[in-house]
Protein chains: 2
Amino acid sequence: MSLRIALLGLLTAYGSASGYDLTKGFEKSVAHVWQAGHSQIYPELAKMTADGLVTVEAEGARGRKIYSITSEGRAELRAWLIGHDPTGPARSEVALQAFLLPLLEHREALDVLERLKTHAERKLAELEALWAAKHASPVPEGASGVRFGDLALDLGIRQSRTTVQWTNDAIAQLERQA
Amino acid sequence: MSLRIALLGLLTAYGSASGYDLTKGFEKSVAHVWQAGHSQIYPELAKMTADGLVTVEAEGARGRKIYSITSEGRAELRAWLIGHDPTGPARSEVALQAFLLPLLEHREALDVLERLKTHAERKLAELEALWAAKHASPVPEGASGVRFGDLALDLGIRQSRTTVQWTNDAIAQLERQA
DNA sequence: GATTGACATGTCAGCACCTACATGTCACCT
DNA sequence: AGGTGACATGTAGGTGCTGACATGTCAATC
């Protein structure tokens, strides 16, 4: 269901776009929030067309199909944003590793934490670079006066920072026990 | 793949357990880290038995099958913990809502944020209660001197706190624009 | 003796998702 | 003319996961 929403959202932001454009959009703008490859996107667009949420506005060169959102699609998007409780299933590989860490010897556990730290730092750096890039060039504002994706990016950065801090504290805690 | 790991981990912590026990284990101890229902667990245990990672040690009353981990299973678990890079796909409904929030009117956006805040606070309270409960009764320690699941729970609590803070700041930011 | 509810295991249909396969267009460079 | 590489859309097979269906045991209560 959320893939539909992400597509409708991007389509609203873009005005109109092809499946290819949307795939690219997933690779850059929404990547840290939701992921999908073209093999998932194309069939979904077909289904959404059948459901009347989007329409093929025109067909361009190279078989390019240009989609745009319908009023039904806008309604669906709005309803989800306003009414959907975020109850996505909890599945975090990092948290699972953290959970099982006591199974390892002291030394090994420290190594794993060190690796998690590096990972988290890399992700944080990525997101901060994205932030900097976004704020270098102007980006359209939405109806609520906030720039597109800024809130999500801020959340991602905070979460990454929290994870880095956690690895630091966890490492310190383990070392105290040595 | 990670389901296997979670099952092997729980089995190690428990010593031995039935599919039913493990299902219960998923409901309480690992729930905030990884989710799985019995309809996923039973077939997976069968496959793992075929792969030699676990064995049916005994059969108890009511058709109860008691599983225990094999040395192969222990090796697999260890290899994953030590060698696996946490590259789980980024899919967060909260982040997606945050991303698309500018599509809404100012008032509506605030309502959504308020709801997200309530949600995050509820989750935080849950995890903190879990923490308190765990620390009231003794829990076995692992090889590294850390209690089972404590690190993951700490991470979860921090993440929840971060989310709550983010909602607060986002609300404040939106209100400043009114 | 019958019902209820926790214990206990399984299957199946269907959706979500991923990797790899498959096909073709067009612009640009050599 | 041929090759490369971005553009562009699709399909197919396989796994992960969910919700619903299906079945049966055992203990306790009424």
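Since the model is a prediction, treat every value here as computed from it, not as a measurement. Just so we're on the same page: letters track the sequence lines, and every chain starts at 1.
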Before accepting this row, confirm whether a basic side-chain N of the pair A:K47/A:D51 lies closer than 4.0 Å to the acidic partner's carboxylate O.
no
DNA chain C: first to last nucleotide in contact with chain B (atom under 4.0 angstrom from a heavy atom), 5' to 3', is C:dA6 to C:dC18
Of all heavy-atom pairs linking A:G25 and A:Y14, the shortest is CA-OH, 3.4 Å
Contacts of B:W34 and A:G19 projected onto DNA chain D by closest heavy atom; the upstream (5') one is A:G19
**Asked** With the 4.5 Å side-chain cut-off for hydrophobic clustering, are B:L10 and A:L100 part of the same group?
**Response** yes
With distance as the sole criterion, do the side chain of A:S39 and the base of D:dG10 form a donor-acceptor contact below 3.5 Å?
-> no
A:I41 CD1 to D:dG10 C1', in whole Å, measures 13 Å
The residue, A:G37 or B:H38, whose nearest nucleotide of DNA chain C is more 5′ is B:H38
Exercise. Output, in order, the C-alpha distance, side-chain angles, deciding distance and verdict of side-chain contact (heavy atoms from CB on, under 4.5 Å) for A:V33 and B:R91.
Key: CA-CA 6 Å; A:V33 153; B:R91 258 176 210 117; over 6 Å; no
Atom CD of B:E44 and atom P of D:dC17 are separated, to the nearest Å, by 9 Å
Working for side-chain contact (heavy atoms from CB on, under 4.5 Å), residues A:T49 and A:Y67 | CA-CA 9 Å; A:T49 307; A:Y67 290 91; 3.4 Å; yes
Per the under-4.0 Å heavy-atom filter, residues of residues 53-64 of chain A near DNA chain C come out as A:R62
Tightest non-hydrogen contact, residues A:W131 and A:D150, listed as CZ3-O, 3.5 Å
Discussion item. Please confirm whether the shortest side-chain N or O distance from B:Q40 to OP1 or OP2 of D:dT18 is below 4.0 Å.
Written reply: yes
Whole-Å distance, B:K65 NZ to D:dT25 P, equals 16 Å
| Check against salt bridge (charged side-chain N to carboxylate O under 4.0 Å, His left out), A:K123 and A:E128 | CA-CA 9 Å; A:K123 177 153 189 204; A:E128 276 173 342; over 6 Å; no
With a 4.0 Å cut-off on heavy atoms, is A:R91 in touch with a base, just the backbone sugar-phosphate, or nothing at all? sugar-phosphate
On DNA chain C, more 5' by nearest nucleotide between B:K24 and B:Y67 is B:K24
Between CE of A:M1 and C1' of D:dT18 the distance, given in whole Å, is 15 Å
Exactly one candidate in B:R115, B:Q97, B:E93 meets side chain to side chain donor-acceptor pair (under 3.5 Å) with A:H84; the answer is B:E93
Looking at A:E59 and A:R64, is there a salt bridge between them, counting it only when a charged N and a carboxylate O are closer than 4.0 Å? no
When rounded to whole Å, the OH to P distance for the pair A:Y42 and D:dT11 reads 12 Å
